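Written out below as structure tokens is the structure these notes cover.
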Amino acid sequence: MPLQPIKFYQTGTFTVGNRLLDESQRTVQANMRRTNSLNSGHRACQGCGEALGARYALDAAMQATKNRLIAANATGCLEVFSTPYPETSWQIPWMHSLFGNAASVATGIAAALKVKGKQDVRVIAQGGDGGTTDIGFACLSGMFERNDDVLYICYDNEAYMNTGVQRSSATPPAARTATTPAAGAHPGNSFGTGKNVPLIAMAHRIPFVATASVANLHDLEAKVNKAMTIHGARYIHIHVPCPLGWGSHPSDTLKVARLAVESGLFPLFEAEHGEITASLRLRKKAPVEAYLKLQRRFSHLFGEKPDRDTIAMIQAIADRNIEKFGLESP
Amino acid sequence: MKKPFAITLDPGSSLANHTGSWRTERPVYVDRLPPCNHACPAGEDIQGWLYHAEGGDYRRAWEALVKHNPFPAIMGRVCYHPCEDACNRGKLDEAVGIHAVERFLGDLAIRRGWLPGKPAGPGAKRVLVVGSGPSGLSCAYHLRLMGHGVVIVDSAKAAGGMMRYGIPKYRLPRDVLDAEISRIESMGVEFRLNSRIDDIMAAMAGFDAAFLAVGAHLARRTDIPAGDASRILDAVCLLHDMEDGPPPMLGRRVVVYGGGNTALDVARTAKRLGALESLIVYRRTKEQMPAHESELNEALQEGILFKWLSTVKAMDEGGVTVEKMVLDETGFPQPTGEFEKMEADSLVLALGQESELGLLKNVPDLEIENGTVKVNSSMMTSHPGIFAGGDMVPSDRTVTSAVGHGKKAAKNIDAWLRNETYIAPEKHEIAGFDKMNTWYYSDAPRTVQPELDIARRGSTFDEVVGGLTGKNALFEARRCLSCGNCFECDNCFGVCPDNAVIKLGPGLRFAFDYDYCKGCGLCAAECPCGAIKMVPESI
Amino acid sequence: MLQQLEGSRAIAQGIALCKPEVVCAYPITPQTHIVEALAEMVRTGELANCEFINVESEFAALSVAIGASAAGARSYTATASQGLLYMCEAVYNAAGLGLPIVMTIGNRAIGAPINIWNDHSDSMAMRDAGWIQLYAETNQEALDLHIQAFKLAEALSCPVMVCVDGFILTHAYERIEIPEAHDVDAFLPPYDPVQVLDCNDPVSIGAMVGPEAFAEVKYLQHRKQLAALELIPEIASEFSARFKRDSGGLVKPYRLEGAETIVVALGSMNGTIKDVIDEMRNEGHAIGSLAIVSFRPFPLQAVRAALVDAKRIVILEKSLSVGLGGPLSDGVRKSLSGTGLHGHTVIAGLGGRAITRKSLKALFVKAEMDELELLDFLDLDRDIVNVQLEREKETRRSGPVAENVLKSIGTVASRIA
């Protein structure tokens with residue numbers, strides 16, 4: 001198991017910190033001296049899940065590497081809101097080149113570090129789902145296949161948010177986006193489309209693949225930590241709600257992320273060399289409806305005449321995940 | 001580094017961009033009132049002392065506890081813990097065993113000989129306290145802490161009032177009672193036992209104020225036709241004799257008439273005195289019984305019998321005659337004319353108590369209502385300088401309420417002695433369950449206090465309910481949700497996408513950095529205990 | 001040391017002498033032999049301390065070089081034709097970020113129709129991407145230009161393309177002088193980046209720049225190119241001093257004394273042009289040529305100075321700006337503005353069409369008689385063009401142009417019909 005939850009300490013390891021636990025058992029985010037790799041003053045929307053996910057992941061990686069870290073960033077929200085001239089929010093060496101090449105840029109950085117004998121400095125590439133599962137996919141696959149010494153982190157908010165919420169190959173079925181409008185006989189995104197990049201990453205048999213959620217910080221940090229103990233190509237896919245694109249309340253960002261996990265729609269697991277080695281059991285199983293209802297992108301499924309059939313199809317996806325990834329305690 | 005213009009930027013330079021200007025709502029830290037505190041008749045800051053217990057700092061926990069209540073060891077045993085009924089954790093799994101932790105702390109303090117803080121300096125006034133029950137002792141304790149001289153007068157041989165003469169030993173061992181009373185004595189409170197005050201006006205000489213807490217020691221009677229050989233006793237006397245007199249003779253079959261806690265105490269005492277059969281006759285139903293549920297359950301486990309919907313009509317040699325009752329449409333019991341006779345060697349009446357108010361005879365303009373003394377919101381009687389509390393004033397007549405009266409009276413007496421009026425601090429908004437984000441709390445069932453083997457209870461007056469061990473007391477304390485009060489879980493610090501929460505350090509909590517807070521409300525939504533509130537921005 | 005070598009191999013050896021630290025490779029004809037040779041040298045240890053990375057596309061190749069360069073490594077890649085277009089976005093990006101990457105272009109035509117042979121359409125498509133573009137006339141110069149390119153790129157923090165005609169140079173065996181390693185080391189100091197991803201001095205590279213500063217950033221790119229106009233001749237002369245031969249520079253005049261007709265061209269066709277000029281000079285024609293080495297930055301002053309005394313200018317171009325003419329002509333004409341001189345654009349050698357001495361001589365004679373159009377095409381088979389135009393006039397569904405043309409000239413697939 002990636003993380004043993006600690007019981008009986010009021011909030012155990014569910015909260016960011018816990019004064020009752022040893023400091024080593026608290027998260028990096030609980031530390032007053034955390035790096036804040038992504039600093040205040042960035043221009044992300046209120047309640048941005050991606051801003052949170054990026055700070056969580058990079059602060060953890062910074063601690064794991066003793067601040068020897070370089071990041072390459074794909075074009076997208078994260079890049080735009082963090083580095084509009086004349087200010088940057090990054091406190092680490094960071095580089096943005098293009099939308100589709102973050103994985104390759106990271107490969108280049110890693111190669112440079114290797115040739116210069118600085119292998120203690122570790123490289124992270126990061127991008128949104130568009131930059132990862134779509135336009136950056138070839139570079140990503142190449143980086144995986146060569147087993148380059150890069151941790152690629154995808155912050156998945158399930159659509160092209162930076163350009164105004166268009167469908168990506170990570171957009172879930174039935175979700176309304178600007179290019180899958182809630183109109184016609186089958187409103188929202190089509191069923192049977194999209195790709196699961198964590199599973200595709202596993203098919204490259206790279207040393208480490210994991211999914212994580214901003215709603216489970218301890219798990220997320222444990223996965224980043226583990227990734228930083230490994231050399232070679234690694235992939236972490238982090239689910240980060242987007243209040244703007246999903247039509248959820250900014251204060252509900254973590255609630256929505258939590259329900260994605262607890263409904264089984266976003267299974268948390270990790271894999272080594274192509275084999276799943278652990279999955280996180282659901283703590284309080286929730287129906288998909290609880291998750292969908294908080295988001296206006298699914299509002300066409302509810303209202304006076306709820307679209308029971310479509311909701312059932314989404315529930316079936318969750319149920320399949322629960323079975324496939326063993327998300328329920330035996 | 002000679003950086004290229006515009007495309008390459010200095011780290012962290014976005015601090016120049018104050019995103020706080022986006023905000024329409026701002027988060028503020030609040031201390032909401034935990035439901036347990038709100039429900040506590042003694043006004044304890046339960047969440048406050050549990051906070052220290054959670055960290056294993058039992059000394060500070062006890063000190064925080066005795067700021068409000070001098071009797072944790074007693075309270076942890078005899079209080080009916082309305083706090084636990086109100087506990088938000090009850091909606092999650094089971095309420096926190098507050099009384100058990102309280103008792104653990106009280107017992108630990110006795111073992112370790114802990115003392116509360118030193119009383120304030122001299123120059124204060126002298127106060128007479130009449131009655132050494134929980135109310136009087138509590139008042140004396142608080143007045144003494146405020147630096148006043150206190151004399152407690154009581155007609156009984158030993159201090160404690162109903163705690164000694166009303167509550168059986170198996171619920172409150174006397175060494176515990178003695179230890180917590182002697183702690184008050186050691187603070188410099190003067191006890192004058194075996195002395196009766198017949199006229200309070202006369203007794204006030206040499207005192208600046210008085211607090212009356214004489215309790216309710218007179219048994220309420222009802223007329224029951226009885227033969228000569230019938231043995232009819234009242235509960236108050238019986239329980240008093242258990243402490244001071246020769247053990248009462250009750251025989252093999254005992255009938256107890258009444259439905260309150262006292263009735264249960266008597267029935268269970270009778271069983272321990274050797275009765276083969278101990279039967280409670282109550283005119284209403286089990287559900288309507290005023291006795292506390294946990295006491296009732298313990299009585300049932302011990303084999304106490306019950307006769308519901310029955311009134312005692314007569315007693316003679318053969319036993320007791322009861323009449324069956326039925327509930328009318330308003331839920332009130334009505335006689336049926338059906339009678340039944342049952343064998344009984346003795347009948348104990350547990351029909352309630354009244355106060356002996358003779359000492360007030362010379363107090364002018366005293367208002368008495370239904371046998372109790374009327375007091376105002378400052379616990380003062382209609383006579384200036386004479387305050388009253390406990391069972392002799394209108395109340396629910398529990399030890400805990402009495403302790404609360406004592407504290408409240410002490411504060412008001414202190415103010416009155418300085419020609420001031422005590423104004424209680426405004427109560428915070430209650431931290432209701434809807435204010436909590438309970439996702440974050442560990443799943444943890446309530447620790448079951450070890451119960452004395454049922455078989456042993458029948459014959460001994462050993463304590464029925466055992467205490468917690470250090471380990472499970474800690475566990476129990478950590479089940480506290482800390483409703484409405486920050487317990488430094490770091491969630492707000494961690495979940496802010498804008499790093500706009502400043503962690504001030506252990507014990508110092510957090511602050512908002514409004515320069516960067518965009519007002520998304522994640523901190524408030526993810527605060528487990530509801531200690532953050534979103535308020536509209538004014539500009 | 002003189003060696004008989006394939007051009008690609010010689011270029012690879014020159015690059016190896018520059019000690020690149022990261023080399024990324026994706027195969028595309030005709031540059032592939034260069035990276036194959038480098039791969040071998042890295043494997044054998046001949047090129048030590050170098051990461052050779054086989055990537056999945058040209059886009060990735062340059063992207064890896066971008067990352068490596070930003071992390072402080074001397075970075076190199078090579079491509080051609082479609083590959084250059086596929087990496088186009090990264091080409092602009094590398095220049096915008098000011099990363100001193102050196103890239104060889106094995107110049108090749110761009111499809112459709114697909115064609116593996118030489119012309120300049122590929123590098124010309126990238127002429128405004130912000131890279132310095134140097135065109136080699138010979139394989140010796142190609143090798144030398146790479147050594148100069150690293151020095152130039154790193155001095156300015158600006159990427160440089162060395163354009164080498166595909167097959168004509170890349171696959172040609174020639175006697176080539178391979179420089180001595182110690183000379184190259186003395187000439188080319190280790191890479192000292194102006195910006196680098198460094199944990200001890202973190203910066204954010206690649207900010208989003210809005211209207212308030214974008215023009216300034218672009219102007220600064222232009223200033224780098226202007227600075228290159230000064231630096232390129234300096235580096236060439238420093239090179240010449242150390243290696244005892246002339247290579248590079250902005251332009252290379254040939255027999256301009258008293259020339260009434262001057263031929264301007266890029267790359268390897270200057271060799272043929274010079275042969276024709278020698279022949280015509282012997283016959284008494286007042287003709288000379290000007291090889292342009294640096295196409296970006298375009299040396300307006302040097303070109304004007306070289307051409308101003310002529311009567312006519314013939315600009316030979318291996319690239320067609322469809323709908324206009326030739327990209328080289330744009331620069332040359334601009335350099336001539338106000339002189340009253342006509343520049344005659346002649347498109348030649350597209351898709352590997354041989355540029356023969358015979359055709360060139362005929363062209364130059366025609367030029368001397370002032371019979372050239374402003375835009376002309378060398379050896380264009382007007383009959384074939386007319387057949388196709390007729391066909392299109394007759395029938396809407398006239399079929400694919402390329403196949404029709406092949407049929408018309410009676411080669412290859414035409415036999416089937």
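Lettering of chains follows the sequences in order, A, B, ..., and the numbering in each one begins at 1. Just so it is clear, the model here is predicted, and its values are computed rather than measured.
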If you count heavy-atom pairs under 4.5 Å with chain A, which of C/Gly96, C/Gly72, C/Ala70 comes out on top?
-> C/Gly72

Side chain, backbone, both or neither: which part of A/Arg68 has a non-hydrogen atom closer than 4.5 Å to chain C?
-> both

C/Leu99 portion near chain A, given a 4.5 angstrom heavy-atom threshold = side chain

Got more than 12 heavy atoms from elsewhere within 6.0 Å of NZ, A/Lys114?
-> no

Contact part of C/Val209 toward chain A, heavy-atom cut-off under 4.5 Å: side chain, backbone, both or neither?
-> both

Roughly how far, to the nearest 0.5 Å, is CZ of A/Arg146 from CD of C/Glu56?
-> 5.0 Å

Atom NE2 of A/His231: over 12 foreign heavy atoms under 6.0 Å | yes

In this structure, are over 12 heavy atoms from other groups packed under 6.0 Å from C/Tyr86 atom OH?
-> no

Name the option with the most non-hydrogen atom pairs under 4.5 Å to chain C; the candidates are A/Ser141, A/Ala72, A/Ala106, A/Ala138.
-> A/Ala138

Heavy-atom proximity to chain C below 4.5 Å, by part of A/Ala111 = both

Scored by heavy-atom pairs under 4.5 Å with chain C, the best of A/Gln91, A/Lys116, A/Glu79, A/Glu145 is A/Lys116

Heavy-atom contact with chain A under 4.5 Å, split by part of C/Ile66 = both

Looking only at C/Ser75, C/Ser204, C/Ala90, C/Ala94, most heavy-atom pairs under 4.5 Å shared with chain A are made by C/Ser204

What pair of heavy atoms forms the shortest contact from C/Ala71 to A/Ala112, and how long is it?
-> CB-CB, 3.5 Å

Checking A/Val115, A/Leu113, A/Thr107 against C/Glu51 for side-chain contact (heavy atoms from CB on, under 4.5 Å), the one that qualifies is A/Val115

Give the member of A/Ile70, A/Thr83, A/Asn67, A/Leu98 that has the highest number of heavy-atom pairs under 4.5 Å with chain C.
-> A/Leu98

Side chain from CB out, backbone as N, CA, C, O: work out which of these in C/Ala65 comes under 4.5 Å of a heavy atom of chain A, or both, or neither.
-> neither

Residue C/Cys50 versus chain A: region with a heavy atom under 4.5 Å | backbone

Separation of C/Leu197 CG from A/Ile92 CD1 (nearest 0.5 Å) | 10.0 Å

Do C/Phe59 and A/Cys139 come close enough that some side-chain heavy atom pair is under 4.5 Å?
-> yes

